[in-house]
Structures are given as C-alpha cells and as structure tokens.
Amino acid sequence: MDFSVVTSHADLLWFGILITLYYTAITIAGGMILGLTIGLIQFAPIRPLVWLGWLFVEFFRNIPLLVILLWTYYALPIFLNIEISKGWAGFLALTCYSAAFYAEIFRAGVQSIDPGQTDAATALGMSYGQKMRRIILPQAFKRMIPPLVSQSIMQMKNTSLLSTITVPDLLYQAGYISSQTFKPMEVYTAVGVIFLLFLVPLTTLSRMIERRQASHR
Amino acid sequence: MDFSVVTSHADLLWFGILITLYYTAITIAGGMILGLTIGLIQFAPIRPLVWLGWLFVEFFRNIPLLVILLWTYYALPIFLNIEISKGWAGFLALTCYSAAFYAEIFRAGVQSIDPGQTDAATALGMSYGQKMRRIILPQAFKRMIPPLVSQSIMQMKNTSLLSTITVPDLLYQAGYISSQTFKPMEVYTAVGVIFLLFLVPLTTLSRMIERRQASHR
Amino acid sequence: MTEKSSKPLLRIQNLCLRFGSREVLRGVDLTVNEGEVVVLIGASGSGKTSLLRCINLLNTPNSGRIDIDGEIIFDATADSGVSRIPIAEVNRIRSKTGMVFQQFNLFPHMSVLDNVTEGPVIVKRETRKEVEVRARELLAQMGLEGHEHKRPAQLSGGQQQRVAIARALAMHPKLMLFDEPTSALDPELVGEVLKAMSALARSGMTMVIVTHELGFAFEIANRVVFLDEGTVAADGSPHDVLLKPEHPRLKSFVNRFHETADMLRPFLETR
Amino acid sequence: MTEKSSKPLLRIQNLCLRFGSREVLRGVDLTVNEGEVVVLIGASGSGKTSLLRCINLLNTPNSGRIDIDGEIIFDATADSGVSRIPIAEVNRIRSKTGMVFQQFNLFPHMSVLDNVTEGPVIVKRETRKEVEVRARELLAQMGLEGHEHKRPAQLSGGQQQRVAIARALAMHPKLMLFDEPTSALDPELVGEVLKAMSALARSGMTMVIVTHELGFAFEIANRVVFLDEGTVAADGSPHDVLLKPEHPRLKSFVNRFHETADMLRPFLETR
Amino acid sequence: ADPSAVINAIKQRGALNYPVMSGEEPDFIKDPKTGDWTGIYPDWGRQIADLLGVKINFVETTWGNLAADFQAGRLDMAFGVNPNPKRGLVVDYVMEPIVEGVWTITAREGFEPKTWRDLNKPEVRIAAQSGSTMQVIAETMAPKAKIILVKNRDQAVLEMQSKRVDAILLADQNSAQLHKAGLGKAIVPTPVLRNPMMTAVPRKEGNEGFMNLLANWSMQQRTLGLSCAHITKYMQERGIDLSVVPQSGKYC
Ligand SMILES: Nc1ncnc2c1ncn2[C@@H]1O[C@H](COP(=O)(O)OP(=O)(O)OP(=O)(O)O)[C@@H](O)[C@H]1O
Ligand SMILES: Nc1ncnc2c1ncn2[C@@H]1O[C@H](COP(=O)(O)OP(=O)(O)OP(=O)(O)O)[C@@H](O)[C@H]1O
Ligand SMILES: [Mg+2]
Ligand SMILES: [Mg+2]
C-alpha cells in the first residue's frame, strides 16, 4: 500500500469532499422542506392531497436512486423539452428521493405523539393548524431527531451516486485519480476513511441523543 | 417515446430481473443471518462482543455501498491475497452492508419489548438464552416485520449498484441496451416501472401490517 | 349542594355512536342544568368515556343532537340528516366546555404556566399578560404556587391533574367534564384532587364527572347517572342510585364496591 | 390466620440499593417466617417495589444479604465483599419465589395455558403433559376454566392478573411476592383478585404483598411493614400499624386513607 | 530473474486473463444469449492465448475499473491503453503500438471546426470521457472551451442528442461509428493528434519475455497491416466506413 497517491492528489480529493458536502447540505435542506410538506399533507383532511402524498412517497421510495438520477438527467429534459444541468438534475433527484424518506419520518413522528395531546388541544378549541404548530410538531420534532440524522447520513452516502452523472464529487475524483494512477485500492480506502471520519461522529451523536431521550421518557 | 426497444430486448431485461432478484434474495438471507447475530451480540453480557458489534455496524453503515462494493471487489483480494469473483464480492458487500442495518433493526426490536416481559421471564428463573428464544424474540420479530420489509426493499434497490462491477443485473442490462440503441429514456423508464411493479405491492403490504399491528396494540 | 337553576346547560338527545359495527352509545338522553353536578357511573366499556367525548365532539356521534348553553354543536336527528356546523363554530362552542382527562394530557414541552395560558392566548387571542395574572390565580387556588415554571414531568400525578383542571378553567368554561380524574393517581394523591373538585362544585360550576370513587360521588353529586351498554339505565339522586339500586345490573355493580368498602370497616370504627 | 411456624423462609439483612447516586434502600432488615403474610406499605417512591425486586434479584443490591429457604441468593455484607453466586444457582433459588407484577406481564404471544406451563416445562424441564394437568387445576382454582386457549389480550384485567398468579404458582414457589397486584385494575375487578389472594393465604402460602388496599391488608396480613425512604419505619400487627400508627409519617400516610374511607360511610351504614 | 517467469506462470495456469467490456461494440461484442465474446479486442486476445497455447479467460470490467482490475491481479494484459506516464509508474507498457489511430471529434450539425484552435473558444461545448486521454486532450487543446465530462460514450451521445454539447472528442473508429449513425459529423482537427494503441502488462519480475512477445506480435500487426485489416473488417460488417476519418491509420 502506497498512500502517496492520496497525498499527492489531496487537492482533488479535497475539492471532491467540498462538492459532496455541498450537495449533501442542499439536498438535505431541499429534502426536509419537501418531505415535511409531503409528510404533513398526509394528515390533511383533504383526500386528494393525502393520495398525492402517498403517491409521491411510494414512487420515490421504490425506485433505485441510480435510476431516478439517470432518469432525471436524461429523460426529464426530453420529456419536458427543457435544459437541465447536471447539478440541477442531481439536486432534484436527490431531493425528491430523500423527501420520500423524510416524509415517512415526519409522518411517523407525528403519529408517535400520544393522541391524548391532540384531544387536549382539541378540547381547548384549537384549530388544526394551531394543534400542529403549537402542540404536535414541537413534541414530534424532538423524537424525529435520531431518524432525521440517520436519513441525513444516508444522504451524504447517496451523493456518491452523483459521480455516475459525472458531478465531480468525492467518488468521481476517486475514480479519476485511480484511472490516472492505476492505484484504486489506496484511493478507495482513503474515500472509505473520509466517509467514516465525517459520519461516525454523527451517528455516535445520534445514538447518544436517542439514548438520552429514551431515558427521559 | 418508443417502447419497442423495451419489448425487443425483453429477454435481456428479464434475465437482468432474475439476476437482480437472485442477488436480492441471497443477500437478504445473508444480511439477516449476519445482522441477527450482530444485533444480538450487542445484548450479550460480554463487553468485547458488544464493541465488535458496534464497530461492525458503524463501519458498514457509514461507508457508501458503492465504496464498499469497489473495495470488496478490488482491494480485498490484494489484502487477503485471495481471488474473489464478482458474484462473491457483490454478495459479501451487499450482505455486510445490509447486515449493519438489519442489526440495528434487531437491536431496536428487542429493546422495544416491555422490560416487564424480561422481568417476568427472569422471575420464573429463565436463563439469558431461554428469555431471548422463548419470550423476547418471538414478540420482537412481529414488530420487526415492517422495518425488515423496508430494509429488504432497500436491498432490492441496492443490488442495482452491482452493475458497477459488471454483474449483469437489471441496470447493467439497461445500460447495455441503451448503449446499443441510444434510447436511454425508454430503457430507464422501463427499469423504473419494473422496480415499482415489484416493490409497491411490498411496501403497501408492509404498511398494512404496520397499521394492523398499531390497532392491535 | 349550591343553588341550582333549572335552565338546561347541556342537552343530549337520542345520541348514538358506533365504532365500526360496534354500537357504543344507543340513544342516550341527558340534560344537565346550570350549576348541577352529575356523576356518571357504569361498568368498564359501558360508554362513559365515549359519552363525555361526544359532548365536545372529540368523538363524532352518528346520530342525535347535542346543544350546549342554547347553541347546537351537533345535530343529526333522524329526520334532519347531519347538518354541517362550520368547524370554527364547533371550536367556539367547544371552548365553552373544559375537559379533564384520566391521563392529565398536559403539554410536556411547556411550563405549567404556559399550559394554563396556552388556550386563552392562542384560541381566544387574549393578551398574554392578563391571562398570566388569571393563570397564577387559578394555580394558586389549586395549591400550586411556586410550581409555575416547572415542567409537568417534574410534578406528582396529583399536582399534574390539578394543573389540568386549572388549564381547563382558564378558558372560562360553562361546563366542566371530568373523565376518571383520579384513577391514574397513586391512592395517597387521590384526596387532593377530589378536594379541588369539591371546591369547584361548591363555587357553582356545572360538572359532569365520570368516576369510580363512589364515596366521592355520593358526597358531591346532585344526580348520579348509571350507564349500561350505551344507554342510561338509572338517573336519580345519589341516595336512590347508589344506596337503593333497583336495576339489576346497577345492583351488582354497586355491590362490588360495597364489598371493598366493607373491608374498610375497621378503619371507620376506630375513629 | 393459619398455622404459622417460626422457621424463617426469607431473611433480609442490612440491604442497601442505589440507582446512580440515589439511595433507594438504606439498610433494610426483614424476616418472613414460613406461612406468614406480610403486607408492605409506604408512600410512592419509598422503595417498596425495589425491595420486592431485590428479593429475587431483579434488582441487584449494593450491599447486604438475602437468604431464601436457608440458601443464600445474595451476599455482599460489608466484611465479606460481594461473593459471586453462579448465575445457574441464582436462577434455581429464584424459582423458589413467584412474583406477580402490577402490570401482569403475561406473555402476550402465548395462550393462557402456555403462560402457565412455560416455567415448569422450560426452566424445570418437567414433562409438558404433567404440567398441563397441574396448570389446568391451577387455572380452575383461579376461576378461569374455559379460558385456557385464549390469548391474554382477550381477558379482562382481573382475569389476566389471576393467570399471572397461576403462572407463578405453577413453579411450586415457597414464597409469593405481589407488587400492587390490583392497582392497574378497574375498581370493579379488584375484588376478584383480592379473593384469589385471600384463598392462597388461607392455604398457607408465605406471601409478601405490596398494596394500597388497606382494608384488604388489614384482613389478610399477619404483619404490616411500613417502608419510609428506604428503611423499615414500622413493623407490627395490622392493628398496631394501621389503626394505631405512632411514627409521624405513618400516621399521615394512614390518615389520607381514612379520609377516603370516611366518604364510604354512607355505604356501610345502609347495609 | 527468469525472463520467462510470467509466460511460464500463464502456461501453468492454462489460461490468459484478458479484459472485456460491455457496451463497447464493435471493440467488444457480447452475445447476449450465450455470453460469448467476439469483436476486435477479444479476437486479438485469442491470438495471444493461442500463441501461448492456453485458453482465454475473459474478465469483464469497464474502462474506469480497468486500473483496479490490474491492481487486484485479475489481468495478465490489456490492449488499447493510451500512453500515460503516471500509469507507467505502476504498470509496464509494451513499447510498440498495435496500430496508430488519430483523435477526432464528432460535431453537431452546422458546427464544422477545422483546427483545434477553432474548438478553443468559450462558446464551444465539448464532451469528453472523464479520466481518459480525451479529457487530457480537451483540457490542453481547448482550455477555453466548456468541457463537459461524461462517464462513457453513451452519455456523450446523450449530451449531443439533448443538444447540450457541440462536439464529442473521440477516437477515430468511434467517431466513424457515430457518423454512420447520423449522430454527427466526424472531423479530424489539425494539427492531427496521434492515438497509438498501446498494451499494458502488470509490473512483475520476469515479465520481460512476455513483453517481448507482445512487442513482436504488435510490430507484425502494425507493419503488415494486420491490425488495420482486422479493424476494417469489423467496421465494414457494420457498414461503417473509416474513410470519413481520412488520416486514420486504421483504414486499409
Ligand atoms: N376509538 C375507538 N375505536 C373502537 N372502539 C372504541 C374506541 N373507543 C372506545 N371503543 C369501544 O367502545 C366501548 C366503550 O368504551 P368507553 O371507553 O366509552 O367505555 P368506558 O365506559 O369509558 O370504560 P372504562 O371504564 O374502561 O373507561 C368499549 O367497548 C371500547 O372498546
Ligand atoms: N431503574 C431505576 N433507575 C433509577 N431510579 C429508579 C429505578 N427504579 C426505581 N427508581 C427510583 O427508586 C425510588 C424507589 O422506587 P420504587 O419503585 O421502589 O418505589 P415504590 O415504593 O414502589 O413506589 P410506588 O408506590 O410509586 O410504586 C424512586 O424514587 C424511583 O424513582
Ligand atoms: Mg373510560
Ligand atoms: Mg412500586
């Protein structure tokens, strides 16, 4: 093993890390906003909205991200007759994919709140919006932190698929370096270590939060 | 849109589906067995075993499957100085990756059982193994069905990454057909539909089980 | 106990409720006058909680009619069909009733004070300052001075239930509904909640109470209503219903309590 | 009530238990002789459940010594240090005690009959056939004929608790431990469980019972022990402890019950 | 060390480990039914195996993963590797090209650059396969142009079809193929850039004999026009006329 390839291409890797983090960040943000919306409309008292939410979740949960990604990048422009850049295609695909999962987390989070809370809020005469905003969501968010963290970790891993549509993320750079230097083992080991360095602290944190919440309940 | 490419290559797609299903099946089986083991040793009264389980889970949960796959296929043979076929590499990588998630499901499932059940079993004089086998696991398994189904759906989607190490799964065939016909839109749309056809019934089933369990509790 | 008018505050007519194919309420008629304290008893599963929840539409009945303080909150009498009352209207009438639950159902993410002020501030849009003054008074009446800034989880069960009563009272309800308010409490803490409820009754509040504390029922109620399989099987003075039960089911129901009460004889004899 | 020997069946010496920095038991001494029925009372949080759970090592004490039927199950007296008793040995001695929990803790995935046979068949490796015969007898004694093949969830709370008692008895325990066996029950169902326990006591079973049903305690107990902040603050006959309390805390504890009991006076007077 | 060590090892094993790739016709043609490989490269591989008197063992990979397969010790050799000194630090190159092609572009309709300079303009968008020699060429010959890096040839075609690029940088025979498919016009920009088809083998003690064999074979292929004829045959089978890339040394 000769890790000099890694150090001598540190700048490329670093650039890849930045791209990966950038897409992770924006697609987590996009996915959470979209996911929250879709999760919440599934509780709305309007049937078609509920179905729409269900359809969205089922659609994006059940297709491999790789297919969604290729589809968004190649098929969508032809369908809609628009231009879409790699960056936007990647953002859209990752956002919709993760939104399906975030939506499920939000739905489960809201459902996990004791119905007695809704009863108490209803008995006070609160409207649907007031109950959600003041009573349900503040409690649900707390419980959702651990699954949200897990899903966001997934999201960082998912961005590695962006390399297939040649967004120059970490894995893309790794592929480039390895094909230039013929040293893939070192490069992929380095990539694995980089992901561990970023994600293990996060999962550990998430476990700690989970444990604290469990003991506080 | 001209779906004749799809019908004229139906045999290739069908072969791809079989390969995908095959790897899905064997890696679900492998992942569950390994995951159960790793999930359970985290409850064992032996410290190093607990840590080993934790390490395994953290390692495989936090590295993108694509990296694990490349690493298993390309780096492992060098490290261990063995030959490993594509099929075995794919099986190993997918199994270990999913085992990490299955392990978390088992752990959470066991922890979700009312401690009163353990108390009652202990009070009867049961040993650790007896409690697990007779009291905890039978109850935990029921609750684990929905997350196990979700994870197994993931697994079917995950197998699509096997195409990157040229295992001829559905996505590999799709890539081949689209490179021959230059009709990626049709091909990838077909692949998306195929996944939906397989997975939507499963997720719907899983939701139904979940709902029935919720109302039975 | 206190002065009672005969102006009906709550009128329930021929109320029916089904869960799926299970008929839980089968034509309940009940009128509660202003200032009255009505205790609802009945075996487990007889529909007591369901009836209480119908009064403020936490459960939506299948037919019948409910009016509170002269305003119709639900109307689906057989001939008229369900007449849709706008949800905002329902919420307004709903806040004329205050409900206290078995499990307290306090908002765990808010301080005790915020639990009490939440309704008036958010629902009635009163100014927070004024509401806080009133909330502190109510909490003081409930013997909870000094606990205003604690979280519910830091209080004992009895204290939590008294906060729940204060929370309901802060909305200035005309009618208070209690669903087994003491059955989730440690026995030693039951007394303090019953005391608070007695004080409330003496102040002239109209109350409908579901309870298994028959001694308390006897002491506080103007009327005791016995619910059996979703119908009113007995309705009368505490003395008639609890001490001279006629309905066979009521008899066996009350007798079970007599047995447990009997065991307490030695305690009464020494005092 | 029945013939009592003075052979000690359970001996607890200077038992201490901490959860983190919280001292829950601070040197408890308690001896229970064969055939005795001891009722444990005390305020919420005083350590009643903890003490009961120490007896069969569901909680591991920090120091002290426990022996059951002449066999040491735990020994960490200050001078000797913790002496390790093998886990198999602990399990054997453990099954000399039977425990009934507040929340029943029946195995929901097994039939009523399997709940009762599970212990003898799996732990004691008795043949299923023989155990089933005994289990049916026990269930019959508990008034549960015809329910053998139901799941626990299909039974009422009172029935479930009686299954739990049968489950414990099937192990032929020498000592039965009850932790508030009726406090999770609907009040109407309390009587049937108390009756079953009385019958058990009459049959000569040694019992330690945590309960808030002071009337029942008075009737059934040979001795009443009052636990206060992790120590035994009173230990004597039911008459002395419950009717003539001396310890100030015991006095106020018992008085709260007298108040509630007082409310039942009208019921007793009419009969 | 024994210069024949590698040859002996292959003979002893009885099989030559040789890379093949899917989706790269006619360089590699996989019969989807039987899984048999034909095409330009597999035929050459068979020739070498025959020379050594062993069977051929096809190892499926991709251009992107070729390096990894090399390092994992799965391959004895690979044809069609472009010269790259960085890789030369790790693998040995046989210093004799099999055939010498040229680098070309496939241009969209209405875009007809003559020189590399015509391509070096900010408004020009060029697709090139990432990590390949084509990327190096694009970055050095047309640094001002907008370079779009793609994973494989199909993606480049898709870029062209969705009108996101003006030209794709390709080797001559691929360009001729796209030209034939009507996807664009094949152009050889000047100055003409040569594309020698090199062979790589793992750097091992005792590989001198094997490299010598391959150099010898390559020299014969090139100088006698064997390789050129072989390529032309496969191209003609598909109706592809390499004369659309006039300077291509593969046309005979
Ligand atoms: N949400 C619901 N869905 C289905 N059935 C219900 C629901 N709520 C109540 N029931 C059923 O309605 C019947 C009456 O229940 P209810 O809670 O009103 O009885 P209760 O008199 O309050 O009994 P308890 O003394 O146990 O509180 C019961 O058989 C119960 O199973
Ligand atoms: N597992 C535990 N971890 C930490 N603290 C505990 C644990 N179990 C009990 N405690 C604490 O120990 C003290 C005694 O609890 P215990 O349950 O023995 O009281 P109790 O007398 O049974 O009360 P109750 O009448 O409420 O059942 C309480 O303050 C409780 O908070
Ligand atoms: Mg109820
Ligand atoms: Mg307790």
Side-chain angles (χ1 to χ4, degrees), chain B residues 32 36 39-50 105-149 206 208-217, chain D residues 49 52-60 68 73 86-110 114-125 151-154 160 163-165 167-173 175-179 184:
Chain B
M32 279 202 189
L36 177 61
L40 288 188
I41 65 174
Q42 292 188 69
F43 293 101
I46 302 153
R47 265 268 164 280
L49 275 184
V50 177
I105 292 172
F106 287 120
R107 196 176 60 89
V110 170
Q111 277 177 346
S112 77
I113 300 300
D114 175 12
Q117 291 288 314
T118 313
D119 285 350
T122 309
L124 286 178
M126 287 195 189
S127 68
Y128 173 79
Q130 287 171 336
K131 276 182 274 188
M132 275 289 168
R133 264 197 322 280
R134 306 279 316 171
I135 307 301
I136 307 300
L137 290 183
Q139 295 181 56
F141 269 123
K142 237 186 183 170
R143 300 213 191 150
M144 288 185 297
I145 292 172
L148 287 178
V149 171
S206 148
M208 271 167 49
I209 296 173
E210 212 168 336
R211 203 164 302 156
R212 253 192 36 202
Q213 281 188 3
S215 69
H216 273 220
R217 225 173 277 159
Chain D
T49 297
L52 222 55
R53 289 171 61 92
C54 281
I55 293 173
N56 58 8
L57 294 192
L58 284 177
N59 286 343
T60 308
I68 297 170
I73 187 170
I87 182 76
E89 188 73 351
V90 166
N91 278 338
R92 189 182 58 75
I93 306 174
R94 208 175 238 158
S95 57
K96 287 192 180 181
T97 62
M99 181 135 178
V100 176
F101 301 86
Q102 185 173 8
Q103 298 295 342
F104 328 143
N105 295 348
L106 293 180
F107 305 133
H109 57 303
M110 295 180 183
D114 288 345
N115 262 280
V116 180
T117 57
E118 183 71 9
V121 171
I122 299 301
V123 177
K124 292 199 162 172
R125 309 219 168 277
R151 288 290 163 104
Q154 294 170 281
Q160 288 189 48
V163 174
I165 297 173
R167 176 175 68 178
L169 289 176
M171 294 292 283
H172 289 308
L175 171 67
M176 284 287 284
L177 308 171
F178 293 84
D179 188 11

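Here is how names work: the chains are called A, B, and so on, in the same order as the sequence lines, proteins then strands, and each is numbered from 1. Only this structure's heavy atoms are used, side chains among them; waters, hydrogens and symmetry mates stay out.
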Chain B heavy atoms under 4.5 Å from D:Phe101: which part of the residue, side chain, backbone, both or neither? side chain
Between B:Asp114 and chain D, which part of the residue has a heavy atom less than 4.5 Å away: side chain, backbone, both or neither? side chain
Select one option (side chain, backbone, both, neither) describing which atoms of D:Leu58 are under 4.5 Å from chain B's heavy atoms. side chain
Could you check whether any side-chain N or O of D:Asn105 sits under 3.5 Å from a backbone N or O of B:Gly116, counting only pairs where one atom can act as donor and the other as acceptor? yes
Considering only heavy atoms from C-beta outward, does the side chain of B:Tyr128 approach that of D:Asn91 to under 4.5 Å? no
Check the surroundings of atom NZ in B:Lys131: do more than 12 heavy atoms from other residues, nucleotides or ligands lie under 6.0 Å from it? yes
For D:Glu118 and B:Ile135 the tightest heavy-atom approach is OE2-CD1, 4.4 Å
If I measure from the heavy atoms of chain D, does B:Gln117 come under 4.5 Å with its side chain, its backbone, both, or neither? both
Side chain to side chain contact (heavy atoms under 4.5 Å, CB included) with D:His109: of B:Lys142, B:Gln139, B:Arg134, only one passes, and it is B:Gln139
Under a 4.5 Å heavy-atom cut-off, does chain B meet the side chain of D:Leu106, its backbone, both or neither? backbone
Who wins among D:Arg94, D:Lys96, D:Met110, D:Met99 for the most heavy-atom pairs under 4.5 Å with chain B? D:Arg94
Between chain B and each of D:Arg167, D:Arg92, D:Lys124, count heavy-atom pairs under 4.5 Å; write down the option with the most. D:Arg167
